[in-house]
S.K.: 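This is the structure, below, for whatever I ask next.
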Number of protein chains: 2
Amino acid sequence: MAAEKGFEILEGGGVTSPAGFKAAGVIAGLKKSGKADMAVLFSERPANVAGSFTSCLFEAAPVILCKERIKAGSKLRAVVVNSGNANACTGADGYARASKTAELAAAALNVSADEVFVSSTGRIGVPLPMDKIKKGVEEGVKALSAKGGADAARAIMTTDTRPKEAAVLVETGHGKYSIGAMTKGAGMIAPKLQTLHATMLCYITTDAGLEAPLLSEILGRCSGFSFNRITIDGDTSTNDTVLLIANGASGVKIAKGSPEAEDFESALLFVMQDLAKKMVMDGEGVTKFVTVEVAGAPSSEDARLCATSIANSLLCKTAWFGCDPNWGRILAAAGYSGAKFTPGSVSMDYDEMPVVRNGADAGTPEATLAEVMKRPEFTIRLDLGSGKFSHTIWTNDISYEYVKINADYHT
Amino acid sequence: MAAEKGFEILEGGGVTSPAGFKAAGVIAGLKKSGKADMAVLFSERPANVAGSFTSCLFEAAPVILCKERIKAGSKLRAVVVNSGNANACTGADGYARASKTAELAAAALNVSADEVFVSSTGRIGVPLPMDKIKKGVEEGVKALSAKGGADAARAIMTTDTRPKEAAVLVETGHGKYSIGAMTKGAGMIAPKLQTLHATMLCYITTDAGLEAPLLSEILGRCSGFSFNRITIDGDTSTNDTVLLIANGASGVKIAKGSPEAEDFESALLFVMQDLAKKMVMDGEGVTKFVTVEVAGAPSSEDARLCATSIANSLLCKTAWFGCDPNWGRILAAAGYSGAKFTPGSVSMDYDEMPVVRNGADAGTPEATLAEVMKRPEFTIRLDLGSGKFSHTIWTNDISYEYVKINADYHT
């Protein structure tokens with residue numbers, strides 16, 4: 001069974017798909033819009049946890065707190081996530097408010113405060129209003145439900161237009177377990193080169209049993225092939241957090257080096273890639289989903305530099321928005337990326353259409369290329385012809401709407 | 001006299017302000033708009049020349065040609081610049097067309113083709129239409145005039161909304177000389193870190209006499225403090241070219257290490273900074289001119305990384321467009337820049353208003369900060385409190401109009 005790498009997609013599933021997890025999404029009153037702005041995720045039993053956090057030097061207070069908990073080897077019983085306020089760049093007072101949030105949840109849930117993790121997302125530099133947080137935590141704890149995953153996914157949204165969830169069911173020789181996840185993020189999204197840090201809020205639950213070091217190892221690898229491969233605007237947030245939470249409620253234990261561990265990693269990677277792509281598709285003002293595949297690089301770092309440079313180029317992103325096949329901008333972005341390659345060896349294709357051969361025009365009529373650019377999804381394949389390394393990034397276009405959203409954003 | 005570092009600004013001056021230079025701007029027919037698209041700059045006597053070029057691996061054919069001329073120690077008699085077509089990513093055929101352009105101008109001017117430099121700007125990847133180029137070169141040569149600087153400055157424009165020129169007159173103990181310049185560039189503008197390469201088209205003339213190695217040395221230093229300190233969109237072009245041309249027609253000779261050389265450098269730096277700022281103010285869709293000053297960094301590279309990260313951040317640029325004092329985005333951009341500093345030691349001001357102290361809110365009311373953001377020009381001063389190095393970048397906001405221009409750009 002395990003050798004099949006088989007997993008089943010649970011349509012409509014999320015963080016409460018695995019056994020032993022409850023969740024809720026409620027209105028604390030942090031968002032001016034009056035929409036749900038607080039999620040509580042609860043594990044009925046102490047769970048092992050691994051985390052991956054922003055590499056931004058200005059770590060938000062809740063990020064500092066989560067990292068301390070993980071470093072101390074804490075178990076996890078609950079996560080409290082508020083949207084509408086980032087609790088970032090708030091100094092010692094911000095840290096105290098993050099701790100107080102954990103204490104409030106711990107009291108309401110009758111667990112230890114050390115086992116409560118917190119996250120915040122929203123405006124930077126504004127003190128967390130503790131009266132609203134208190135109300136939200138208490139109502140969230142009351143509302144906890146084994147069917148609350150969707151409510152929680154909605155409560156962590158900021159400029160997201162839709163909640164983003166995924167879940168899979170995995171069968172093993174010793175029983176079944178599932179993996180469920182929710183994520184938010186539609187701006188301030190960028191892979192952080194040289195790190196395996198994630199770049200948004202994501203909570204992944206599983207009722208499989210894995211020790212924390214194994215969780216951490218697997219999370220690191222899967223982040224490298226999912227969240228670190230997307231970029232929306234090249235900006236990395238102060239609050240990025242990914243938590244992978246395993247409570248063992250299914251009775252399936254997964255040991256390092258076992259075939260079951262490989263299957264777990266495959267299933268987790270599927271969930272994380274699915275959510276990563278959903279984030280790109282829900283990027284602020286996005287009209288196009290673009291896959292940038294760079295091959296033929298002399299090293300994986302060259303491939304990554306080149307793909308990232310193209311994916312973050314404002315000129316490329318605005319051309320995609322305009323359905324303009326302007327391939328010169330893509331070559332220019334490759335050329336200034338710092339990647340090493342021979343310009344005359346480069347070829348490029350847009351989906352099935354040849355665009356560039358030997359560093360110059362492949363001769364496909366511009367009107368034909370413009371048709372490809374009108375597709376809601378397309379792939380740009382660049383072969384540098386200078387080696388055997390490759391890298392893929394998922395990204396999107398930049399529209400008027402992106403500018404509007406970000407010029408006007410006040411939560 | 002020399003010790004005064006005195007120079008006089010020549011209002012309305014440009015590349016033909018120095019003696020012995022003629023210029024013209026004519027219609028070759030490359031721009032669909034039917035506007036002037038070819039400039040010819042001519043020096044009556046062979047001039048020494050220094051150049052600074054794009055660091056993009058995809059160098060346009062005319063860039064390759066100019067670099068070869070400079071490497072070979074060629075004198076300069078003329079520069080032919082066309083807008084409406086970049087002659088980039090055009091392979092060996094593109095190089096042949098750039099050479100042919102030089103030959104056409106050489107024949108019309110009765111000079112050696114080796115002494116004719118060429119530049120192109122516009123759409124990448126389209127073959128240069130040689131019939132139009134021939135017509136433009138011939139008409140341009142006929143139209144050459146000692147008052148043609150303004151026409152030339154207009155002919156090199158692409159998405160620029162206005163021509164950009166500057167000129168100064170310098171008095172020395174041995175006579176007067178002047179420096180004149182024109183530049184174009186409103187998009188694909190970014191300082192290239194780790195290089196002193198410039199990032200747009202700029203032609204600087206002087207009737208002072210300087211040897212090519214000294215010109216090159218001074219141009220390199222001045223680029224570092226002018227064109228390499230601006231960014232509009234973070235994209236570096238395939239065609240960036242700066243030429244500094246000295247024909248000695250004033251009779252004033254300037255030797256390395258002399259006080260006159262210092263004065264020349266001061267005057268040149270003034271001209272280059274003036275044009276650099278004019279480029280930023282004329283950036284595509286720009287509504288605001290923003291100076292980002294980073295001080296207190298542990299190294300100049302840290303200061304540069306930090307300032308560049310802020311200046312290129314889409315989230316910062318769209319916030320400025322929206323007159324949103326959202327300082328968290330600026331700290332986030334500093335935090336992910338890769339610069340080393342202690343977050344708790346950071347302070348920031350918007351013009352005269354304190355914004356951040358010790359890494360957190362300085363308490364100035366948001367409405368007060370919003371008033372500063374409404375100014376057409378403001379300075380963001382960030383003191384990292386972690387050293388004594390600083391760096392300044394001039395940049396601008398990103399508006400709907402930027403997206404519109406770049407989504408629709410077809411010359």
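By convention in this document, chain letters (A, B, ...) are assigned in the order of the sequence lines, proteins followed by strands, and residues within each chain are numbered from 1.
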S.K.: Need one label for A:Ala339: side chain, backbone, both or neither, based on atoms under 4.5 Å from any heavy atom in chain B.
M.R.: backbone
S.K.: Any non-hydrogen side-chain atom of B:Leu314 less than 4.5 Å from a side-chain atom of A:Leu314?
M.R.: yes
S.K.: Quick one: closest heavy-atom pair of A:Ala334 and B:Phe58, and the distance?
M.R.: CB-CE1, 4.4 Å
S.K.: Looking at A:Ala92, A:Gly335, A:Pro127, which has the largest count of heavy-atom pairs under 4.5 Å with chain B?
M.R.: A:Gly335
S.K.: Are any of the side-chain heavy atoms of A:Leu57 and B:Phe341 separated by less than 4.5 Å?
M.R.: yes
S.K.: How far does CZ of B:Arg329 sit from SG of A:Cys89, to the nearest 0.5 angstrom?
M.R.: 13.0 Å
S.K.: Could you have a look at A:Gly344, A:Ala60, A:Gly125, A:Gly91 and say which one has the most heavy-atom pairs with chain B under 4.5 angstrom?
M.R.: A:Gly125
S.K.: Taking the side chain as every heavy atom from C-beta outward, state whether B:Val126 and A:Asp361 have any atom pair closer than 4.5 Å.
M.R.: no
S.K.: Please report the closest heavy-atom contact between A:Ala332 and B:Ile124, naming both atoms and the distance.
M.R.: CB-CD1, 4.4 Å
S.K.: Can you say whether A:Thr342 sits under 4.5 Å from chain B via the side chain, the backbone, both, or neither, judging by heavy atoms?
M.R.: neither
S.K.: For A:Val356, is it the side chain, the backbone, both or neither that has a heavy atom under 4.5 Å from a heavy atom of chain B?
M.R.: neither
S.K.: Non-hydrogen atoms of chain B under 4.5 Å away: do they reach the side chain of A:Trp327, the backbone, both or neither?
M.R.: side chain
S.K.: Rounded to the nearest 0.5 Å, how far apart are OH of A:Tyr336 and OG1 of B:Thr238?
M.R.: 11.0 Å
